[in-house]
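Below, read A as the first sequence line, B as the second, and so on, with proteins coming before strands; counting in each chain starts at 1. As a basis for the values below, the full set of heavy atoms in this structure was taken, side chains included, without hydrogen atoms, waters or symmetry mates.
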There are 2 protein chains.
Amino acid sequence: MANPLDPEMFDPICPSSAMPIQIGDKWTGMVVLCLEEGPRRFTELRVPLGGVTPKVLTQTLRAMERDGLLTRTAYDENPPRVEYELTELGRSLFSLIAAARAWSRDHLPALLAARAAHESAPAAPRLLRRSPPSGPGR
Amino acid sequence: MANPLDPEMFDPICPSSAMPIQIGDKWTGMVVLCLEEGPRRFTELRVPLGGVTPKVLTQTLRAMERDGLLTRTAYDENPPRVEYELTELGRSLFSLIAAARAWSRDHLPALLAARAAHESAPAAPRLLRRSPPSGPGR
DNA sequence: CTGCATCCCGCTCGATACTG
DNA sequence: CAGTATCGAGCGGGATGCAG
């Protein structure tokens with residue numbers, strides 16, 4: 001396990017920021033991805049996450065530990081060393097993330113296009129229709 | 001379309017409130033589900049959503065309309081009538097919701113169990129290990 | 001290195017009241 | 001019926017500083 005984590009694996013320019021799916025808290029899903037290849041240390045996790053504050057990362061990790069998604073192992077060394085590793089339950093989230101990625105690949109462009117269309121043409125917003133007497137289409 | 005919506009289709013007692021997956025904003029996923037059987041009116045949607053405030057529901061619907069997930073059709077009648085209907089893109093979210101449900105069915109109990117265990121036994125929290133010299137078991 | 005404490009900001013969500 | 005307007009509370013989340 002493991003090559004160092006790519007600092008840009010969560011490039012903020014990537015339109016995934018507009019993705020309508022989220023796993024747990026803001027960072028939970030990304031932490032899962034970071035731990036895919038094996039155990040990681042605290043500071044190691046901070047790199048690809050765009051320099052999350054220690055406080056927030058701790059909160060996230062504690063919550064995930066509490067929910068049985070990962071295990072925390074502290075080694076009584078100097079300097080201190082702590083490793084986080086996914087549990088079976090945590091790895092089970094991969095299927096979900098895969099589904100989210102598949103959806104994004106197939107449909108996110110359409111969503112972004114619709115969004116862009118609304119921003120450029122806020123001129124045709126409220127369409128009113130005379131009440132159709134009957135037999136509505138569809 | 002459509003029997004009236006079950007007011008308890010999102011029973012807050014259901015543990016899905018602990019589900020680590022979310023579609024868009026807080027209410028987006030539930031709106032999608034409410035529109036599964038066909039077009040619905042504004043007030044009709046408010047019922048199963050636990051009486052969401054009109055303001056919040058409007059925000060949600062506007063955002064979804066902007067993203068091309070649903071269409072808004074206002075009929076110039078008296079009293080006014082507006083119907084919301086999923087687009088193809090909106091319906092594409094069903095696969096995602098299905099994946100989330102499958103995960104919940106298979107793994108949510110384990111998550112809840114882990115959570116309960118931590119609440120009842122906060123006594124074994126910080127396990128420290130003497131640094132293992134080498135060859136850590138995976 | 002790890003991670004807790006404190007302060008604070010912004011955003012989401014909600015309650016209430018009012019309009020076409 | 002279908003919203004809009006205004007106000008406010010709560011909370012996630014970030015900055016900074018400090019401790020084991």
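- Identified under the side chain to side chain donor-acceptor pair (under 3.5 Å) test for residues 45-57 of chain B, with sequence neighbours left out: none.
- Atom CE of residue A:M64 and atom CG of residue B:L111 lie 10.0 Å apart, to the nearest 0.5 angstrom.
- The distance from atom CZ of B:F42 to atom C1' of D:dC1 is 10 Å, rounded to the nearest whole Å.
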Side-chain donor-acceptor pairs of residues 5-15 of chain A under 3.5 Å, sequence neighbours excluded:
residue: A:D6; atom: OD1; partner: A:E8; partner atom: N; Å: 2.9
residue: A:D11; atom: OD1; partner: A:I13; partner atom: N; Å: 2.8

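- By the side chain to side chain contact (heavy atoms under 4.5 Å, CB included) test, A:A99 pairs with B:L96, B:A99, sequence neighbours left out.
- Rounded to whole Å, the distance from CG on B:D76 to P on D:dG3 is 13 Å.
- Rounded to whole angstrom, the span from the CG atom of B:N78 across to the P atom of D:dA2 amounts to 12 Å.
- How far CD1 of A:I23 is from CE of A:M30: 11.0 Å, rounded to the nearest 0.5 Å.
- Which of D:dC1, C:dG3, D:dG3 sits closest to the side chain of B:P79 comes down to D:dC1.
- For residues 95-116 of chain B, the side chain to side chain donor-acceptor pair (under 3.5 Å) pairs, not counting sequence neighbours, are A:D67-B:R115, A:S92-B:W103.
- Distances shown here put every side-chain N or O of B:Y84 at or beyond 4.0 Å from the OP1 or OP2 atom of D:dA2.
- Rounded to an integer number of Å, the gap from B:L61 CG to D:dG3 P is 8 Å.
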Any N/O pairs under 3.5 Å between the protein and nucleotides 18-20 of chain C? List them or say none.
none

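- Remark: B:L61 CG to B:T71 OG1 distance equals 11.0 Å, nearest 0.5 Å.
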Under-3.5 Å N/O pairs linking protein and nucleotides 13-19 of chain D:
residue: D:dG13; atom: OP1; partner: A:K26; partner atom: N; Å: 3.4
residue: D:dG14; atom: OP1; partner: A:K26; partner atom: NZ; Å: 3.2
residue: D:dG14; atom: O6; partner: A:K55; partner atom: NZ; Å: 2.1

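- The side chain of A:R46 places no N or O atom within less than 4.0 Å of a non-bridging phosphate oxygen (OP1 or OP2) of C:dC1.
- Atom C1' of nucleotide D:dG3 and atom OH of B:Y75 are separated by 18 Å, given to the nearest angstrom.
- At least one side-chain nitrogen or oxygen of B:R41 sits closer than 4.0 Å to the OP1 or OP2 atom of D:dA2.
- Between the CD atom of B:Q59 and the CH2 atom of B:W27 there is a distance of 12.5 Å, given to the nearest 0.5 Å.
- Between the CZ atom of B:R62 and the P atom of D:dA5 there is a distance of 11 Å, rounded to whole Å.
- One atom, CG of B:L49, and another, P of D:dA2, lie 14 Å apart when rounded to the nearest Å.
- Between the CZ atom of B:R72 and the C1' atom of D:dT4 there is a distance of 12 Å, given to the nearest Å.
- Judged by distance alone, the side chain of A:R66 and the main-chain N or O of B:H118 form no donor-acceptor pair under 3.5 Å.
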